[in-house]
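Naming convention: chains lettered A, B, ... in sequence-line order (proteins, then strands); numbering from 1 in each chain.
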2 protein chains.
Amino acid sequence: MKIGELSRATGTNIETIRYYERIGLLPAPARTDANYRSYGDAHRARLRFVRHSRELGFTIDEIRSLLDLSDHPERDCADADRIASAHLEQVEAKIAQLSALRDELTRIVGRCRGGLAGDCRVIEALGDHGQCGGAH
Amino acid sequence: MKIGELSRATGTNIETIRYYERIGLLPAPARTDANYRSYGDAHRARLRFVRHSRELGFTIDEIRSLLDLSDHPERDCADADRIASAHLEQVEAKIAQLSALRDELTRIVGRCRGGLAGDCRVIEALGDHGQCGGAH
DNA sequence: GCTTGACCCTGTAGTTGCTACAGGGTGCAT
DNA sequence: ATGCACCCTGTAGCAACTACAGGGTCAAGC
């Protein structure tokens, strides 16, 4: 299939596919006589793997390691589990951090009673970190 | 005070302070004879406002608007409240998204029973979006 | 008076993960 | 033959910094 078809089949931008090839995440496919990229099922499966991993928030480097494992079925699965577990921890940390932000933003927004910017509690709270109770 | 002192007083990288000046977020300060930047209390307060807002996840453009309001106390505070509310919504959406990711990652990681990468459930799950139950 | 070290300056390039052109070639239908 | 959809390469842009390179300034200590 040509790059446009692969793009539609995986929901990936064409430029992104070429970008992945450029950085070595996808192997360079064969070319037609007109120098068009020609992909097979293996390319599609690999790209789906990459896109799904990206949707889950894995970095390109993490995906590189995961693909490497996937290419070497004789290796230890524990590596994949380690990468995924570490990523899960990061996601949980990010959720905790954002929850703290949400709480503080809720507090700040709730204080607005309208009026002029000169008396604005929102602006005041942004300038004065001491009001936060050490949340961040 | 010199840039190093301002840096320590606000916990901001020196390069970041110069960057903020370059993009017009902080006003250019006076200079000493040796061409060193010389800051006053107003600069420090403004930088604290910027850093605190950044910690809360506001973008530079949002901060520009908030600073603009802060510089014009006669304007309507509702603008500040609108920016903060919109940002709060984004934070809540991000938390919801990350929570879904966490759930799926937990599911994926929990399936690993050790063994070889060829049989790895983690790698399998990454390649097969159909296992996700349409969560994302 | 000379060196050492901490500090400051400008300007440019790198980071992540794409996305968006510019400027051209290919292939098929009308 | 001409329009249009599609493909190619190469480069530049985004956010919000961060990291140099290559140089100037200043106070302390010998």
Do B:Tyr20 and B:Arg51 have side-chain N/O donor and acceptor atoms under 3.5 Å apart?
yes
Are a donor atom and an acceptor atom from the side chains of A:Glu104 and B:His52 found within less than 3.5 Å of each other?
yes
No-H, no-angle donor-acceptor pair, A:Tyr36 side chain to C:dG27 base, under 3.5 Å:
no
Would you find a donor on one side and an acceptor on the other, under 3.5 Å apart, between the side chain of A:His43 and the backbone of A:Ala28?
no
Donor-acceptor pair, B:Ser7 side chain versus B:Thr12 backbone, under 3.5 Å?
yes
Gap between atoms [atom1] and [atom2], on [X] and [N] respectively (whole Å):
| X | N | atom1 | atom2 | answer |
| --- | --- | --- | --- | --- |
| A:Ile17 | D:dT9 | CD1 | C1' | 16 Å |
| A:Ile14 | C:dC18 | CD1 | P | 16 Å |
| B:Met1 | C:dC7 | CE | P | 16 Å |
| B:Asn13 | C:dT15 | CG | P | 18 Å |

Taking the basic N atoms (NZ, or NE/NH1/NH2) and the acidic carboxylate oxygens, is any pair closer than 4.0 Å for [X] and [Y]?
| X | Y | answer |
| --- | --- | --- |
| A:Glu5 | A:Arg8 | no |
| A:Arg46 | A:Asp41 | no |
| A:Glu21 | A:Arg18 | no |

[X] side chain near [N] phosphate (N/O to OP1/OP2, under 4.0 Å):
| X | N | value |
| --- | --- | --- |
| B:Arg18 | C:dT10 | no |
| A:Arg37 | D:dC8 | yes |
| B:Asn35 | C:dC9 | no |

Between B:Thr16 and A:Arg31, which is nearer to the 5' end of DNA chain D once each is assigned its nearest nucleotide?
A:Arg31
Identify all pairs in which a protein N or O lies below 3.5 Å from an N or O of nucleotides 12-16 of chain D, and state each distance.
| residue | atom | partner | partner atom | Å |
| --- | --- | --- | --- | --- |
| D:dA16 | OP2 | B:Ile60 | N | 3.4 |
| D:dA16 | O3' | B:Arg54 | NH2 | 3.4 |

For A:Ala34 and B:Glu15, take the nucleotide of DNA chain C holding the closest heavy atom to each; which residue's nucleotide lies nearer the 5' end?
B:Glu15
Side chain of A:Ile3 only, please: which of C:dC8, C:dT19, D:dC7 is the nearest?
D:dC7
Touch check for B:Ile23, heavy atoms < 4.0 angstrom, all strands: base, sugar-phosphate only, or nothing?
nothing
